Structures are given as C-alpha cells and as structure tokens.
Amino acid sequence: MKVTLFATCLVDMFQGDVGKATVEVLERLGCEIDFPENQICCGQPAYNSGYVRESKNAMKKMITTFEHAEYVVSPSGSCAYMFKEYPEVFKDDPIWQPKAQALADKTYEFTEFIVDVLKITDVGAQLEGTATYHTSCHMTRLLGIKEAPFQLLSHVKGLQYMELPGKERCCGFGGTFSVKMGNISGEMVDEKVCNVEETGADILIGADAGCLLNIGGRIQRQGKPIKVMHIAEVLNSR
C-alpha cells in the first residue's frame, strides 16, 4: 500500500522525531512511504483567522502536491481535518472543488489509518510506564476519531493507562487562539497540566503536535517530571 505523508508544519519544524516515528511504524506495517518535499502549510492558521481568500493559494498548492497520492496520512488530527475543509472552501469553484473533494476523501489521521484502513490494532509496540492520553479537540470533535488511539495504546506491552480527568476540555492551544487570547489560554493549559498530574502518570501521550507543544511547554517550564510523547513515538517503541 502506497502512503503519502503529510508531515505538517509543526512536525517539520519542531518535532522531526514524530515524523520519523510515523514513517517507521507505517513501513513496519507494510506501507511504502512517499514524502513530497514541496508540501507547505495547509493554510489553517490564515483560514481560521478569517483570511479565507489569502489562504486559498496555499490550499491549491497542497491539493496539487498530493494529487498523485493513493492515501494521505498525517500525524495531526487538526491538519488532517483542514484537508477535510477544503471542499467547503472551494464549493463555488467548479475546477478546484472536485480536486479538493478527492484530497479530502483519501486523507486520514495516523491512528485512524492504522485501525480503519490497515485493520490493525496491535503494532507490536512495547513501552514500560504509566501513561495518560490527551484527546485533542479537532481530532475528537471534528474528525470524530475517538476509539482508534485507545485501541492501539491498549495493545502496547508494559504500558499502564490512566484516565485523564476533564479529557474533553481544550488544552488552550487552538492555534492562533493561544496568541490572541494568551491569558485565557494560559489558564486552560495550567488546568490541563494539573489534570495530568492528578493521574500520577509519568507519560503524557497525544496525537496532535500543537497540543503537545502547548502542554509539553508548560510542563517543562514548571519543571514537572512528566515525559511528553506523540502516539507515533509510543507505537514505534520496541
């Protein structure tokens, strides 16, 4: 099966190990990985800030970049969902709407692809520790991916899972929200860190780079002894 990786900006710039883990897990599961080097930002920051017209050039670039792909997989629910938004953005464009729909239809979040397309729930991972999992907003509320991450984590040997209190609450990142509404965002991420501590877990797992950067940054600044890992890194542990 040929898979084209949509790495996302945050993974490309800040979390290269997440991209590497994503590729290694998928290759181990029998996928042939393609990485178009001319991929850019999906346009989400500009789009969510109201600059719809300005964001369309980036979207068109991404549609063209992934036109050849059989499957597009991303280690970020937020960015994967942005591809799902493209058909609505181009709904009045007879040329780009069909292309946008084709991209949306073949795009999957990383855990969704493994469970729903590859039909695999045990990737043979092993990681000793006690962990809790942050359910990111875009992935659960908009993409509707609620079970796949837990199905995969439940088969990681040596990993003990602890339920995260208030898991349905936003961590305060929200893309540009954390910049525009910094004080509110800070209170929200402080609450999230307290909830993580409450579990007694030594590992925080998530599936969205933005959330992990936000929560992980707060954990680091507060000197908490909690390791932050993307689920791709967990599933790549042997």
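Given the structure is predicted, the values throughout are model-derived calculations rather than measurements.
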Kindly write out the residues that satisfy side-chain hydrogen bond (donor to acceptor under 3.5 Å, both in side chains) with N48, not counting sequence neighbours, or none if the list is empty. Q44

Restricting to pairs with a member in residues 64-73, which pass side chain to side chain donor-acceptor pair (under 3.5 Å), not counting sequence neighbours? D34-H68

Test item: Q39 side-chain N/O and P36 main-chain N/O as donor-acceptor pair under 3.5 Å: yes

Atom pair CG (L127) and CD (Q160), whose distance is rounded to the nearest 0.5 Å: 12.5 Å

Of the non-hydrogen atoms in P87 and A104, which two are nearest, and what is the gap between them? CG-CB, 3.8 Å

CG/N38: more than 12 non-hydrogen atoms of other groups inside 6.0 Å: yes

Does anything in residues 198-207 pair up under side chain to side chain donor-acceptor pair (under 3.5 Å), and if so which pairs, sequence neighbours excluded? none

Hey, are the side chains of F90 and K56 touching, using non-hydrogen atoms and a 4.5 Å cut-off? yes

Could you give all pairs that pass the salt bridge (Lys or Arg N to Asp or Glu O under 4.0 Å) test and reach residues 79-108, with sequence neighbours left out? E88-K91

For M188, what residues pass the side-chain contact (heavy atoms from CB on, under 4.5 Å) criterion, not counting sequence neighbours? C170, F177, I184

Give the intermediate values and the outcome of side-chain contact (heavy atoms from CB on, under 4.5 Å) for residues W96 and I63. CA-CA 9 Å; W96 288 97; I63 290 171; 3.8 Å; yes

Minimum heavy-atom separation for S178 to G172, with atom names? CB-O, 3.7 Å

Only pairs at least two apart or in different chains count here, so list each salt bridge (Lys or Arg N to Asp or Glu O under 4.0 Å) that has a residue in residues 208-223. D190-R218

Quick check: is Y51 connected to V89 through a chain of hydrophobic side chains (ILVMFWY, heavy atoms under 4.5 Å apart)? no

With sequence neighbours excluded, residues passing salt bridge (Lys or Arg N to Asp or Glu O under 4.0 Å) with K224: E197

Point-to-point distance, once rounded to the nearest 0.5 Å, from CD1 of I145 to CZ of F113: 12.5 Å

For residues A80 and T107, report the shortest heavy-atom separation together with the two atoms involved. O-CG2, 4.0 Å

Please round to the nearest 0.5 Å and tell me the distance separating atom NE2 of H155 and atom CD1 of I120. 11.5 Å

Show me the donor-acceptor pairs, under 3.5 Å and distance only, between side chains in residues 14-32 and residues at least two apart or in other chains.
| from | atom 1 | to | atom 2 | distance (Å) |
| --- | --- | --- | --- | --- |
| T22 | OG1 | V18 | O | 2.8 |
| E24 | OE1 | N236 | ND2 | 2.7 |
| R28 | NH1 | N236 | OD1 | 3.0 |
| R28 | NH2 | L235 | O | 3.0 |

When every non-hydrogen atom of M139 is compared with those of P149, the smallest separation belongs to CE-CG, 3.5 Å

Is it possible for you to say whether L152 and M229 belong to one hydrophobic cluster, with membership spreading through side-chain heavy-atom contacts below 4.5 Å? yes

With side-chain contact (heavy atoms from CB on, under 4.5 Å) as the test, would you mind laying out the steps for M82 and M59 before giving the verdict? CA-CA 9 Å; M82 191 61 223; M59 295 180 189; 3.5 Å; yes

Shortest non-hydrogen separation from G216 to V228 and the atoms involved: CA-CG2, 3.8 Å

Applying side chain to side chain donor-acceptor pair (under 3.5 Å), which residue pairs with at least one partner in residues 110-139 are found, sequence neighbours left out? E109-T111

Donor-acceptor contact below 3.5 Å, side chain S49 vs main chain P45: yes

Could you tell me whether the side chain of V193 reaches within less than 4.5 Å of the side chain of C171, counting heavy atoms only? no

Would V52 end up clustered with L103 when hydrophobic side chains under 4.5 Å apart are linked, directly or stepwise? yes

If you measure from CG on L142 to SG on C137, what distance do you get to the nearest 0.5 Å? 8.5 Å

Residue pairs involving residues 159-188 (criterion salt bridge (Lys or Arg N to Asp or Glu O under 4.0 Å); sequence neighbours excluded): E163-K167, R169-E191

Are V123 and L153 connected, step by step, through hydrophobic side chains (Ile, Leu, Val, Met, Phe, Trp, Tyr) whose heavy atoms are closer than 4.5 Å? yes

Which pairs count as ring-ring contact (aromatic ring centres under 6.0 Å, His included) when at least one residue sits in residues 22-49, sequence neighbours excluded? none

Could you grab the distance from atom CD1 of I40 to atom OG1 of T8, nearest 0.5 Å is fine? 13.5 Å

In terms of hydrophobic clustering (I, L, V, M, F, W, Y; side-chain heavy atoms under 4.5 Å; direct or indirect links), are Y161 and I226 co-clustered? no

So how far is it from I205 CD1 to L164 CG, rounded to the nearest 0.5 Å? 11.5 Å

With a 4.5 Å heavy-atom cut-off, do K227 and L204 have their side chains touching? no

Smallest separation among heavy atoms of A209 and V11, with atom names: CB-CG2, 4.2 Å

So, using ring pair (Phe, Tyr, Trp, His ring centres under 6.0 Å) as the criterion, who are the partners of F66 when residues are at least two apart? F6, F83

